[in-house]
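What follows is one structure encoded as structure tokens, with my remarks underneath.
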Amino acid sequence: MTKFLRSLGLATLVASAVHAADDAAGPIKVGEFASLTGKEAAFGQSSHKGTLLAIEEINAAGGVLGRKLELITEDNQSKQGESATIAKKLISRDKVVALLGEVASGRTLEAAPIAQHARVPLITPSSTNKSITEKGNYIFRTCFIDPFQGGVMAKFARQHLKLQRVAVLSSVALPYSVDLAKYFREAFAAQGGAIVADLKFTEGDKDFKAQLTSIKAAGVDGIFVPGYYTEAALIARQARELGLTCPLFGGDGWEAPQLIEIGGPAMEGTYFSTHYSSEDPSPAVRGFVKRFRVRFANETPDAMAALGYDSAMILADALRRAGTTEPAKLRDAIAATRNYDGITGRTTIDSHRNASKTAVVIAIQDGRFHFVESVAP
Ligand code: PHE
């Protein structure tokens, strides 16, 4: 009982401290945690640039509620444990009104309980693991979830690639990989395909020859690799070295220029699902690509950049509708987001605080990413 009262008291204290400290005379502080350096630096860099562009555009147009937005970004160096520490720091030291991040599901999962406990809304732009928004009613996302993404790639494998016997090579511990593998297996089997080999690797592994040798022996016509770009590219190279010529395919974790830099010609004829294509001819995407390229030295924005941008815009929209930075009211306004037209399509936050959105399948040809098809939810 004492323990219960104490934890209740702590929660109230933290929540009121956050609200009382939002100094209405200054800018509205928005916290961002991202992998700006380290293993998944490509994710954090892209997401951050998109988020920053949105904040700059909002401020150039006068800000929100008569105040400017101040983006406070912290780098977790792609390291486990850092995102929890950073979330605490952004909440208690900087008194941010909301948190934006992360790209990688595992790192969002670290920060979510902290944001929930402090009653500070958290919006992940691009983490797709289903369990994230189950951490509490202050946790939101502006992208689709992995049950959908696994189904998209299972259908693509069956109908587009006409695959029958497939291997799954997934990470043992990465929450994103473990669950995406699970949803893919279920959907692929439901559509009449067979998973004939199911092997694991550990994040940071460099040698996948043992797993690929078993996969080769099983006789497969495709390999699904739900992981991040570094491992996916090394796996593709080693598969080709072992004489496996079948298509490899994965999910949004593949998206980074490093996939092609590391994988080289081994990536030809591989596929992955993601959230948006910069080749989309719609005026919204064309305008965004143009502004992003002007701001960031001719770089073409990828899915993380587009989702980072949309997440900050959706937060600003919710602040306007809430009419206040008060956490409970801001939370309610984010939850009430309906038909927000952004760069990555139309966002409606559902009762589970998720967004249901169209996926895009990309092929790698001639060392470049090409749009293949879009799949509606
Ligand atoms: N969806 C991935 C995850 O949850 C992250 C990711 C999103 C990677 C978008 C690339 C593009 O871990």
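Counting starts at 1 for both ligands and their atoms, following the listed order.
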Would you say [X] touches ligand 1, if touching means a heavy atom closer than 4.0 Å?
| X | result |
| --- | --- |
| A303 | no |
| W254 | no |
| M304 | yes |

- Ligand-side contact atoms (ligand 1) for residue partner A104, heavy atom cut-off under 4.0 Å: 12 (O)
- F156 vs F249, side chain to side chain contact (heavy atoms under 4.5 Å, CB included): CA-CA, chis, key distance, verdict: CA-CA 10 Å; F156 182 78; F249 54 108; 5.6 Å; no
- Query: So, is T128 polar-close to ligand 1, with some N/O to N/O distance under 3.5 Å?
  - Reply: yes
- So is there a nitrogen or oxygen of Y176 less than 3.5 Å from a nitrogen or oxygen in ligand 1?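 No - when backbone and side-chain N and O of Y176 are compared with those of ligand 1, no distance drops under 3.5 Å.
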Tell me, which protein residue and heavy-atom name are nearest [atom], and how many Å apart are they?
| atom | value |
| --- | --- |
| atom 4 (O) of ligand 1 | S105 OG, 2.4 Å |
| atom 5 (C) of ligand 1 | V103 O, 3.3 Å |
| atom 12 (O) of ligand 1 | Y228 OH, 2.5 Å |

- Nearest neighbour of atom 7 (C) of ligand 1 from the list D252, L307, I132, T274, on a heavy-atom basis: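 Looking at heavy atoms only, D252 sits closest to atom 7 (C) of ligand 1.
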- Look at the aromatic rings of F292 and F296 and report parallel, tilted or perpendicular, splitting at 30° and 60°. tilted
- Query: Can you name the one residue among D146, V166, V152 that meets side-chain contact (heavy atoms from CB on, under 4.5 Å) with F184?
  - Reply: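 Looking at D146, V166, V152, the match for F184 under the side-chain contact (heavy atoms from CB on, under 4.5 Å) is V166.
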So, are [X] and [Y] salt-bridged, with charged N and O less than 4.0 Å apart?
| X | Y | value |
| --- | --- | --- |
| E74 | K89 | yes |
| E56 | R291 | no |
| E134 | K130 | yes |

- Return yes if some donor-acceptor pair links the side-chain N/O of S35 with the main-chain N/O of T37 below 3.5 Å, else return no. no
